[in-house]
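Comments concern the structure below.
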Amino acid sequence: MALYDFDHPVPGDAALEKDQGRSGTEIELINGGAAQRVRDAAYRGAGRALQTRQISPSTSGNDDWKAGIYAQPGVRTLRAFNAVGGTTVMGWFKRSMDGPAPNTVTADPADLYNAIGLAGLLTGDSDGHGVRALLELIDVNGTLRLVALGRRLDGGNSQTFAANEDWKTLLPKDQWVHLAATFDFNAGTMALYRDGKPVEGFYTRTDDPWLVAGPGPHVTTASDPRGIKIGGSFPQNTVERNPCDCRMDALAFLDRSLTAREVAAQYRYYFRRG
């Protein structure tokens with residue numbers, strides 16, 4: 001497990017955040033460094049939170065505030081997610097934007113991104129955007145929705161589980177909510193949770209994108225993820241994509257798919273702190 005509460009800068013480099021989980025994976029607070037740690041309690045007893053946002057909405061560049069880690073051929077400390085049967089991505093989120101940000105990598109000044117990046121685990125062959133497990137807001141058939149997006153095989157197809165409920169209801173502006181996305185690669189299923197409760201939704205594909213119809217067990221590709229992305233894509237800071245004007249806290253990446261009861265217990269654990 002990798003866990004980040006943004007209260008533990010690496011000694012000697014405040015732009016790095018220590019992992020409070022077992023993996024020991026340090027992440028970088030990209031472009032904003034220590035200024036991205038802000039005082040805002042997501043739950044009782046919380047300290048600082050992570051601030052991510054677009055900096056220059058009309059200029060092409062690489063200055064967006066985001067966080068994460070990227071390495072080729074993979075991040076060794078994330079080996080628990082190599083050939084794994086399940087994954088969970090969860091944490092506390094507070095959005096301050098009304099929709100996707102202006103797209104700074106196209107010529108049209110009116111063009112917007114089609115997604116708002118929350119947090120995800122990269123595949124073993126990722127360019128910094130492709131994911132194995134992702135919690136995100138993305139356009140689904142013309143409607144922005146909260147989704148869990150997963151990919152079992154490097155280079156393979158992804159599956160998306162999209163929430164039915166309006167994304168602005170699920171993430172009220174300037175309010176903290178706890179979100180979780182679970183990925184059971186063996187069973188070929190995903191789920192979303194808000195404040196410990198399941199979120200009703202639908203799969204965007206009805207075929208078998210993860211190729212789990214045959215005999216199992218089914219696990220992810222035996223490759224170490226190339227990293228973690230938070231608040232936008234490309235944690236190596238080479239391209240801007242899907243920035244999130246958001247605050248985040250207690251971000252966790254687990255190497256198994258939590259049950260509904262376990263997700264509820266995690267929410268109650270934080271809600272009752274302090």
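Along the sequence shown, residues are numbered consecutively beginning with 1.
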Legend entry - Cluster check V89, V177: I/L/V/M/F/W/Y, side chain < 4.5 angstrom: yes

Inset, instruction - To the nearest 0.5 Å, tell me how far K94 NZ sits from Q175 CD. - result: 9.0 Å

Inset, instruction - Answer with yes or no after comparing the ring centroid distance for W210 and F185 against a 6.0 Å cut-off, counting only values under it. - result: yes

Legend entry - R247 CZ to Q51 CD distance, which is reported to the nearest 0.5 Å: 4.5 Å

Legend entry - Close side-chain approach of I69 to P235, heavy-atom, < 4.5 Å: no

Inset, instruction - Would you mind checking if R37 and E17 are paired as a salt bridge, meaning a charged N to carboxylate O distance below 4.0 Å? - result: yes

Inset, instruction - Please determine if K173 and D98 form a salt bridge, counting it only when a charged side-chain N lies under 4.0 Å from a carboxylate O. - result: yes

Inset, instruction - Kindly say whether C246 contributes a backbone atom to a donor-acceptor pair with the side chain of R95 at under 3.5 angstrom? - result: no

Legend entry - Reported CG-to-CG distance for the pair D19 and D5, which is rounded to 0.5 angstrom: 10.0 Å

Inset, instruction - Could you go through the side-chain hydrogen bond (donor to acceptor under 3.5 Å, both in side chains) check for T169 and R194 one step at a time? - result: CA-CA 11 Å; T169 302; R194 179 189 184 274; over 6 Å; no

Legend entry - ILVMFWY cluster, L137 and F161 together (side-chain gap under 4.5 Å): yes

Inset, instruction - Could you check R256 against E262 for salt bridge (Lys or Arg N to Asp or Glu O under 4.0 Å), going step by step and ending with a plain yes or no? - result: CA-CA 11 Å; R256 65 186 184 91; E262 289 172 322; 2.9 Å; yes

Legend entry - From N237 atom CG to D63 atom CG, the distance as rounded to the nearest 0.5 Å: 8.5 Å

Inset, instruction - Check the surroundings of atom CZ in R205: do more than 12 heavy atoms from other residues, nucleotides or ligands lie under 6.0 Å from it? - result: yes

Inset, instruction - Apply the test side-chain contact (heavy atoms from CB on, under 4.5 Å) to residues L251 and F6: give CA-CA distance (whole Å), side-chain angles for both, the deciding distance (0.1 Å), then the verdict. - result: CA-CA 9 Å; L251 294 182; F6 305 102; 4.0 Å; yes

Legend entry - Main-chain N/O of Y267 paired with H178 side-chain donor or acceptor, under 3.5 Å: no

Inset, instruction - Determine yes or no for a side-chain-to-main-chain donor-acceptor pair under 3.5 angstrom, with Q159 supplying the side chain and T189 the backbone. - result: no

Legend entry - Any side-chain heavy-atom pair of V131 and L149 under 4.5 Å: yes

Inset, instruction - Check whether any side-chain N or O of S23 sits under 3.5 Å from a backbone N or O of L78 as a donor-acceptor pair, and report yes or no. - result: no

Inset, instruction - Indicate, with yes or no, if I230 and W65 share a hydrophobic cluster defined by side-chain heavy-atom contacts under 4.5 Å among Ile, Leu, Val, Met, Phe, Trp and Tyr. - result: no

Legend entry - K229 side chain to L122 backbone, donor-acceptor under 3.5 Å: no

Legend entry - T88 and its side-chain contact (heavy atoms from CB on, under 4.5 Å) partner, picked from L258, D184, L121: L258

Inset, instruction - Starting at CG of L171, measure out to SG of C244 and round the result to the nearest 0.5 Å. - result: 8.5 Å

Inset, instruction - Over all heavy atoms of both residues, which pair between A119 and F253 is shortest? Give the atoms and the distance, please. - result: CB-CZ, 4.1 Å

Legend entry - Atom pair CD1/CG of I116 and L146 - distance to nearest 0.5 Å: 10.5 Å

Inset, instruction - Ignoring hydrogens and angles, tell me if any N or O in the side chain of R22 forms a donor-acceptor pair with the backbone of A2 under 3.5 Å. - result: no

Inset, instruction - Side-chain contact test, heavy atoms from C-beta onward, threshold under 4.5 Å: evaluate it for L144 versus P100 and give yes or no. - result: yes

Inset, instruction - Could you walk me through whether F93 and L135 pass side-chain contact (heavy atoms from CB on, under 4.5 Å), step by step? - result: CA-CA 11 Å; F93 300 87; L135 185 58; 3.8 Å; yes

Inset, instruction - For residues M190 and G150, report the shortest heavy-atom separation together with the two atoms involved. - result: SD-N, 3.8 Å

Legend entry - Any donor-acceptor pair under 3.5 Å from S126 side chain to G128 backbone: yes

Legend entry - Student check: side-chain heavy atoms of T220 and R132 closer than 4.5 Å: yes

Legend entry - Side-chain donor or acceptor of T221 paired with backbone N/O of D154 under 3.5 Å: yes

Inset, instruction - Decide yes or no for Y113 and E240: does some side-chain heavy atom of the first lie under 4.5 Å from some side-chain heavy atom of the second? - result: yes

Legend entry - Worked verdict on N31 versus I55 for side-chain contact (heavy atoms from CB on, under 4.5 Å): CA-CA 10 Å; N31 292 316; I55 299 299; over 6 Å; no

Legend entry - Taking every non-hydrogen atom, the tightest pair across G124 and S223: CA-OG, 3.4 Å

Legend entry - Contact summary for L29 and A67, nearest pair of heavy atoms: CD2-CB, 4.2 Å

Legend entry - Short side-chain to backbone donor-acceptor contact, E165 and E200, under 3.5 Å: no

Legend entry - side-chain contact (heavy atoms from CB on, under 4.5 Å) evaluation trace for D224 with V75: CA-CA 6 Å; D224 297 340; V75 178; 5.8 Å; no

Inset, instruction - For the residue pair K66 and F234, establish whether any side-chain heavy-atom pair is separated by less than 4.5 Å. - result: yes

Inset, instruction - May I ask you to decide if the ring planes of W92 and Y43 are parallel, tilted or perpendicular, using 30° and 60° as cut-offs? - result: tilted

Inset, instruction - Taking all heavy atoms of A14 and all of A34, pick out the closest pair and write down the distance. - result: CB-CB, 3.7 Å

Legend entry - With sequence neighbours excluded, residues passing salt bridge (Lys or Arg N to Asp or Glu O under 4.0 Å) with D195: none

Inset, instruction - Check the surroundings of atom CG in D108: do more than 12 heavy atoms from other residues, nucleotides or ligands lie under 6.0 Å from it? - result: yes

Legend entry - Contact check, side chains of V105 and D111, non-hydrogen atoms, under 4.5 Å: no

Inset, instruction - Please check if M90 and Y4 belong to a single hydrophobic cluster, counting links between Ile, Leu, Val, Met, Phe, Trp and Tyr side chain heavy atoms closer than 4.5 Å. - result: no

Legend entry - I30 side chain reached by Y70 side chain, heavy atoms, under 4.5 Å: no

Inset, instruction - Look at the side chain of N186 and the backbone N and O of H218, then say whether any donor-acceptor pair between them is shorter than 3.5 Å. - result: yes

Inset, instruction - Identify the two heavy atoms, one from A252 and one from L3, that lie closest to each other, and give their separation to 0.1 Å. - result: CB-CD1, 4.0 Å

Legend entry - Same apolar cluster (I L V M F W Y, side chains within < 4.5 Å links), L50/W176: no

